[in-house]
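Here the structure is a predicted model, which is why all the values come from computation and not from measurement. Reminder, nothing fancy here: chain letters follow the sequence lines and each chain counts from 1.
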Amino acid sequence: MNIDKSREILSGAREFGSDLSSSAEEKFELTVIGVAEEPEFDNTAESVQVIRERLAELDQSEGKTYWRSLEELSETEEFQAYLEQEFPRQSAPLESGLDRREFMKLLGASLALGGLTACVRPNPQEKIVPYVRAPEEIIPGKPIMYASAITQNGYAQGVLVENHNGRPTRLEGNPSQPGSMGSIDAQTTAEILRMYDPDRSKEVLQGGSSSDWDSFSEAVSSLDGNIAILTGTVTSPTLASKIDAVLNARSGAKWYQYSPQNADNVLAGSEIAFGSWIVPQYNFEEADIVLSLDADFVNSGPAKLKYARAFSDRRRVRTGEDTMNRLYMVESTPTSTGAMADHRLPMAASAVEGFAREVAAAVGLGSTDSHAALPDGWMDALVDDLTNHASVVVAGDEQPPIVHAIAAAINEAIGAVGRTVTYHKPAMAKPEIQSESIKFLVDDMNSGKIDTLVMIDSNPVYDAPADLDFAAALDNVATSIHLGLYNDETAVRSSWHVPQANELESWGDARAFDGTISIIQPQIQPIYGGKSPLEVLSLFLGTADTAYDSIRAFWQSAASGGDFNLFWNHVLYNGVVDDTASAPMRARAKSTIFDEPASHGADGIEIVFRPDPNIGSGKYSNSSWLQELPKPFTKLTWDNAALISPKLAEAEGLKSKDVINITVGDKSIDAPVWIMPGQAEKTITLHTGYGRTNAGKVGNGIGFDANVLRTNEHAHFVSASITKTRKKYKLVSTQLHGILESDGIGDRHITRGGTLADFQAHPEHPGFVHPVAHHASDLYDDFEYDGYAWGMVVDQTVCNGCNACITACQSENNIPVVGKDQVAVGREMQWLRVDAYYGGSVDNPEFFSQPVACMHCEKAPCEPVCPFGATVHDADGLNVMVYNRCGGTRYCSNNCPYKVRRFNFLQYAELEENAMALLQNPDVTVRSRGVMEKCTYCIQRIQQAYITSENEDRTIADGDVVTACQSACPTQAIVFGDINDENSEVAKVRKSKLNYGLFEELNTVPRTTYLARITNPHPSLAVASSYGSDSHGSDTHGAEEGGH
Amino acid sequence: MALSLKRLRSLPKGETDRVIGRDARTNQFPDAGAIDDVVNAPVYVHPLKTPMWWIIGFCISLFFLSIYITSVVYLIAKGTGIWGNNIPTAWAMPIINFVWWIGIGHAGTLISAALLLFRQDWRTSINRFAEAMTIFAVVCAGLYPILHLGRPWVFYWLMPYPNTYGLFPQFRSPLAWDVFAISTYGSVSILFWFIGLIPDLATIRDRHPYKFGKIFYGTLALGWRGSAKHWQRYMRAYLLLAAISFPLVLSVHSTISFDFAVSNLPGWNNTIMPPYFVAGAVFAGFAMVLILAIPLRKVYGLEHLITMKHLDNSAKLMLATGLFVVYGYGVECFIAWYSGAETERYMLYNRVFGSDYGWAFWVLIFCNGVAIQPLWWKRVRYNVWWLFGISIIVSIGMWFERYVIVAITLTRDFLPSSWGLYVPTFWDWAMFIGSMGLFCTLFFLFIRLLPTIATSEMKETNWHLSHVGDPSLRYKENEEEL
Amino acid sequence: MPQYFPPNSNAFAKWSIIGGLIFFTLLLTCLAIYVRSYRNRVNVPVSQPIPFSHALHAGELGVDCRYCHTSVEVAASANIPPVETCMTCHSQIRQGSPRLYPLYASWDQAIPGVNDTASLEAGTNAPAPNSERLEWNRVHDLADFVYFNHSAHINKGVGCSSCHGEVNRMEGMWKNEQMSMGWCLECHKAPEKHVRPIDEVFNANYKKPTNQIALGKQLVEEYHINTDKLPQCSTCHR
Amino acid sequence: MSTNSNPVSNSIGELYGIVAQYGSPEAIQAAARKVRDHGYTKIEAYTPFFVPDLDEDLGHKPSRLGFVVLAMGMCGFIFGFGMQWWANVEYYPLNIGGRPLNSWPNFIVITFECTILFSAFTAGLFMLAKNGLPEYYHSIFNTPGFENATRDKFFLCVEADDQNFDTSEVMSVLNSTNPETISEVER
């Protein structure tokens, strides 16, 4: 049966005056889509057919309204025009006229205004449809978690999929998978949205006109001539073997790989250093000192979650005894890693090589004539650290091969190899320099050597280097076949397009960065009829194997003996194949590294290309969650911008939102600028992934396409020239003020921090934590919380502002997306935000990332002012928001010092029964317009744990309740639990002397507290950087604190 | 016999006096009936003979009223998002207008209640339409908090009644206080007004030239026959109502000010708020009284009932309360500095010199502080054009005061990361203009259908005057009492 | 001066005032009653595709609630049984009864003489297997924002009949209680008035003992019912 | 002014009373005193506006409205505070922002407003009730020229059901008060 909350969710907030009495059936049928799909996949093809029809119907029936709502998200012409206006907000928000639903809403509302609503609107009759045969593992209303994996640029990130009656709703990290460690990044979380995205291509296209799978397989079987296969980075053993099979079967077939985010430099670097293709893995848990050469290792690359965790584990300071590692960072543009650095130096990307050579020289390798402008004593301190501690040097993927080679040499010289860095065989099925591979491919295409090109899960027309002009080359290919989730730039230029099955819909396997293999198991039948790469390739072998057949076949042969089913179930259960991680290799760096001619950084203006921190290099362009996610530090949404340094802005007379023209060679683009504190002086950062033309309704036409300037040999940075234009462009940022030194901010002690030395000097009363002596005095007796008392602590030292928590929260709590125009007027809905503050000089500031959600104040200012009593405290001390009681006076938001409350100014939540509705978490109410909402500490999880414990007649154990943000956090900066339980992690952390409450002087007694940010500068460089503390005598305050 | 309005207006002033037999020197009417004739003349006019100026004015009001209705419908269809409100500026123009309207209301009750208690006989000429103004202003104001709700259709949850949820309103909230304060204020004002009307309605009943008029007004008059016993109870009740309304009117705007004073926001959390708001309300109220009285006495030829003396007194009150308001600004600044709290100080800095909204502060300083200074001079107080102009400026100024207090304070409070901007939208303005339409519509109906001056009280006063002698003496006393 | 109104106008006025007041109060009362009971479908039987009788199954035959509503002890919802469950008996008993056609129509197997092709040709208006889904009409439909959990009640001594009434006597099925928030709170504020021994939970005939309050208090202790949390908003709303 | 010594007594129906009309408050006050001195108790005056002390001249007792209003005001006070206290402390105690259940300072405003509401409506409605309003038909309206009672004339009525009522007596007494007119008014 399916009295599944989801149907009620689908039915939207009926009580909230919107008319949804219609189509109870459809609601139910949708749930059946969820229900009929069991992960076991014994479904008859017929039932799958039903699903397709249903979705097709839905698409026609509900499509219109759905697009309308998307129209509001995407930048349509009217929206562009609307942006040009001087005061956009002077005009009413973009909305179409009243449609039926709204009219009914209006009707209902006006009747309700007459106080009659209860009498005139009858309850709609809901249907209950039982299973014919109930699958025994499904207990209605109880989710099942399945282990699987999602690949990012080919590398697996282990996930656990929350599955409600066969309807996947959320992704979480898989603790037993090294690429995840139980954490998950924003992109992988958003994969679930990508799966349900109604923009995905739904049918096979031949030359743009609709066709079907059968005629496609026909066409394939009749193909002859040279076949070329283009894929992204492939780590999947099964796919690789399948491709090999095709290569063997078809003479003259070739396999090319290209992914805009690749390991070319690492491989080429190892070529120089070791003469062979091997890749380094870093053991940050061992490293006391880390030197990063423009490497954003905590927030980019396949190992980011592992590295972020390991690196942060060495920075958790609770007491004066604790120690921490030290990070030296030279980087061209601020990154999450740079934000954590103890010593950070903005430096042009091209200058890093020179710097690396200097360091090498300092540790006795080669010699250099270059002298980067460093602060006094910087190099000495660095070398002192590198040589006297367990250290490691990390080179960034965007840095040229030679830098990687030099880093390898230094690591060897300082004895890091084997301790803090090990070398391994690449996890890629076929390691190669992809920039060459794509070049060969284009040459072959142009020279007519290729008759059939199969492009799997790649979009070269958009992301291949501009100078290769892939689009033109594609015309020289007789038959081009594109397999992809979207009908994208490449698809529309191909003679065949086949909709691809999402990784949540199909079988597969993939390796993590360290080689560990995960099996990808589907959660639901392909809802838009997608096909997996394995199925498509099978056609070329003349078989009609399903992906499931191929995978099982491969593993049956691969699995070493034993009972295969046992092995198989074990693997599916764990999500990883044991002992598949690659073993360390012995490698000696060549002495010839430093014979390479040194290249010197040009001192003109330099462009740095980086994948967008949220939407990557285009994979997630159509993800409204990630588009609306404020980018780290800039807090920009729905756009990319040219990040420039304050100095450059002054020199060129530029202000944020001015549009500049950037010229590289004969190519040039217009881009709005955003002034970025800490940006290297003459470096301009351009993020790729924008300026899409065929991404989908959400992603089309947002931002500018930086790929235009990107050539094959200068894929990562290139010198350029800029000219200021008269134009202005409306960039939307969710945070307008963040410079701690500016007017009226300095003495608010919002974010607090100091050096490890400061802390160790006053381990009991660190002055920077409690700059203002705060005497709580109260007229009334306080409430006692003798049961559970939920609380949260956020460790600002290890929070790197990666945003994983925000998307996790969005996914867990059904948080709607509002679109650029609404964000522009300050109506973003994310319950959790990561505030960014800059301390010190704007040219090289100290970065603070402060996640802020509802503080669940014990003396919440929001509660006494609500006339409806819609926000109250419960017995656990939670600040509860009762949506259905809320009338929307918004007084609570006014009175909240933290401004963490979010209001549904319009009908943001999707109430139509389209595919997106399947995404909703059935355990969380969908909020309608006119209702205030906010972080609830994931109360649905607390209640679930509470009921379970009560049914088992026990108490909730520490760790039973994990909030969405906490589970996602790669660095475990968020600790949550029962603060009344002496032994709980959170209670222990709260005892730390670094613990402080935001605006605690207002006597709000917040349940969410922060650990002051601790940095660990080298003693000789320690310019005491302590924020929050008063200019003088912070210790005396500490003493005062001790006094009472 | 009723004089037709046309005839009255056609006559030169001295002549009017002669016709209605008013003694220009003592300012008395030997013939009490003449007061009826003058005041009630417009009411006696046959519907089909309604003067053109009224019809035109009424239609214009209706037009703006339709704008109001349109914006309300659109609001309910779309949601509060059609306004410029956002986070952090969750309250903005609707609340500003609400406070503005409710403030305007206060002069009416104050005139009718307080001045009655202080035995200010001159009030009798203006209290009737001042009370009407109060009621209509309260209507305009009262609608705002309801429409301002995210879900207006659940406003009735704010009433304490036994419901299926087993819930009561949350009585700690100033907004819950507002519900009680405003509903009490509205209903008591209407009651007070109606009680005052009864004898005059009886007068109209007895003199109305047409049958339907006699029935209509007769019904409203409840069969009043002016018996001495009735008069005795009536006057006692009237006095009690006045005595009750006086603290009420003070409490209402104090309660409104609690919406801000009780919160914890820098710039809102001030103890000065209640007195400062009440003074502001009376200030704005008397401005509105003048805005209405000056044209009214002209078109209805009531110069000899609403004399320059009345305008003069109103102007003096306006000046006094205006100065109090300015003092309020001073105290706010002082407290902000004296508190020593970064947030408080920055709030003030942002209000006064803020790059985004600093100008608004100076606008209000000019309107409420500078523009009223000419009122020190008698010549200005005795010049209707000056008074009218200054009153308009003051009304604008008081609107800006609320704009600064509500919207601008919210744009920058505690947490810099959440600081924002606020820009009103088309619909914000439409609803504001529209609410004025509502007010005017009601007021036009009032001056057409009901006596704009309390005639029975007027007669009584007049009779008193004839005993006390030269009225100008009494006015002298008044001034001292003021 | 003539009278404007006839002598009886006084009485008319007086009575129209009194009558008006009476009428208004009556109107409100009726409205309240209508909204809270009838529109709320209290005691209004809901029609079903199959005239299933709890009186027969739960009453006469004495089938345990949990035989069909299997998840009631472990999950939030007390599930509606799958067709399979019905077919365990009805593949033999009452086989082919036209009142059970919707059941056979939804069943995924052909049953000779009931819903197989043979019987179709035979002209009996029997439905084909898988021809249509079995759609029950929902009887207890709480608001979407209310998260009621059966297991939490069952395991703490709240009996089925406390909310659903004497189901074993119901021919049809209907809402036995108002199931409004106020109604829920009656028990959530004072559970001792309603809790019963756990082994009586599924006993539809259970009658409260005379010492209910005393017993209740003792059971509340025994079952560790957290009376602090019970009346909290977060208990039912998320 | 003209005094009509022999009034029009063409009254057919039952007599309600004899009504004299005066032109000024002073006149009617004097008349009222005189009539009362003659021992008439059922006398009533009708005036276009409130004439102070006239009620004493007629021997009316002072109104006790004030006490009633005070009493009801207290009821309002108790109701207002009681409601809030009961709802917050007894009926459904909830933890609102850590404030105590009986946070009486927050209850003051509503208590005050309730007090005002109760007393104000008592004052208004109780007055109307005691005056027996609405009363659309009243014999006094039969008085000739009574429409001026709401304009500028003052009427004094000696009612027929006064125990020592005698038409000629009353006539003479009234005549001696120089009324403008005298008329017998029927029921």
Chain C contact via A:D874 - which portion, at a heavy-atom distance below 4.5 Å:
both

Examine whether an atom of A:V880 lies under 4.5 Å from a heavy atom of chain C, and if so say whether it belongs to the side chain, the backbone or both; otherwise answer neither.
side chain

If you count every heavy atom of other residues, nucleotides or ligands that lies below 6.0 Å from A:E952 atom CD, does the total exceed 12?
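It does: A:E952 CD has more than 12 such atoms within range.
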
How about CZ on A:R954, more than 12 heavy atoms from neighbouring residues, nucleotides or ligands closer than 6.0 Å, or not?
yes

Under the salt bridge (Lys or Arg N to Asp or Glu O under 4.0 Å) test, which residues partner C:R66, sequence neighbours left out?
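Per chain and number, C:R66 pairs via salt bridge (Lys or Arg N to Asp or Glu O under 4.0 Å) with C:D64, C:E73.
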
Do [X] and [Y] come close enough that some side-chain heavy atom pair is under 4.5 Å?
X	Y	result
A:R133	C:M87	no
A:I128	C:E135	no
A:T925	C:Y147	yes

Residue part contacting chain A, namely of C:Q48, when any heavy atom lies under 4.5 Å:
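No part of it gets close to chain A.
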
Please state whether the side chain, the backbone, both or neither of C:V74 comes within less than 4.5 Å of a heavy atom of chain A.
both

Just give me the residue among A:E950, A:Q940, A:H873 that pairs up with chain C most often, heavy atom to heavy atom, under 4.5 Å.
A:E950

Looking only at non-hydrogen atoms, find the nearest pair between C:S77 and A:P140 and report the distance.
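Distance-wise, the nearest heavy atoms are OG-O, 3.8 Å.
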
For the residue pair C:P81 and A:P130, what are the closest heavy atoms and their distance?
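Taking C:P81 first and A:P130 second, the nearest heavy atoms are O-CB, 3.2 Å.
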
Rounded at 0.5 Å granularity, tell me how far CZ in C:R238 sits from OG1 in A:T936.
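Between atom CZ of C:R238 and atom OG1 of A:T936 there are 10.5 Å.
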
At under 4.5 Å between heavy atoms, what parts of [range] are in contact with chain A? List them by residue number.
range	value
residues 226-236 of chain C	C:N226, C:D228, C:K229, C:Q232, C:C233, C:S234, C:T235
residues 178-193 of chain C	none
residues 149-157 of chain C	C:N149, C:S151, C:A152, C:N155, C:K156

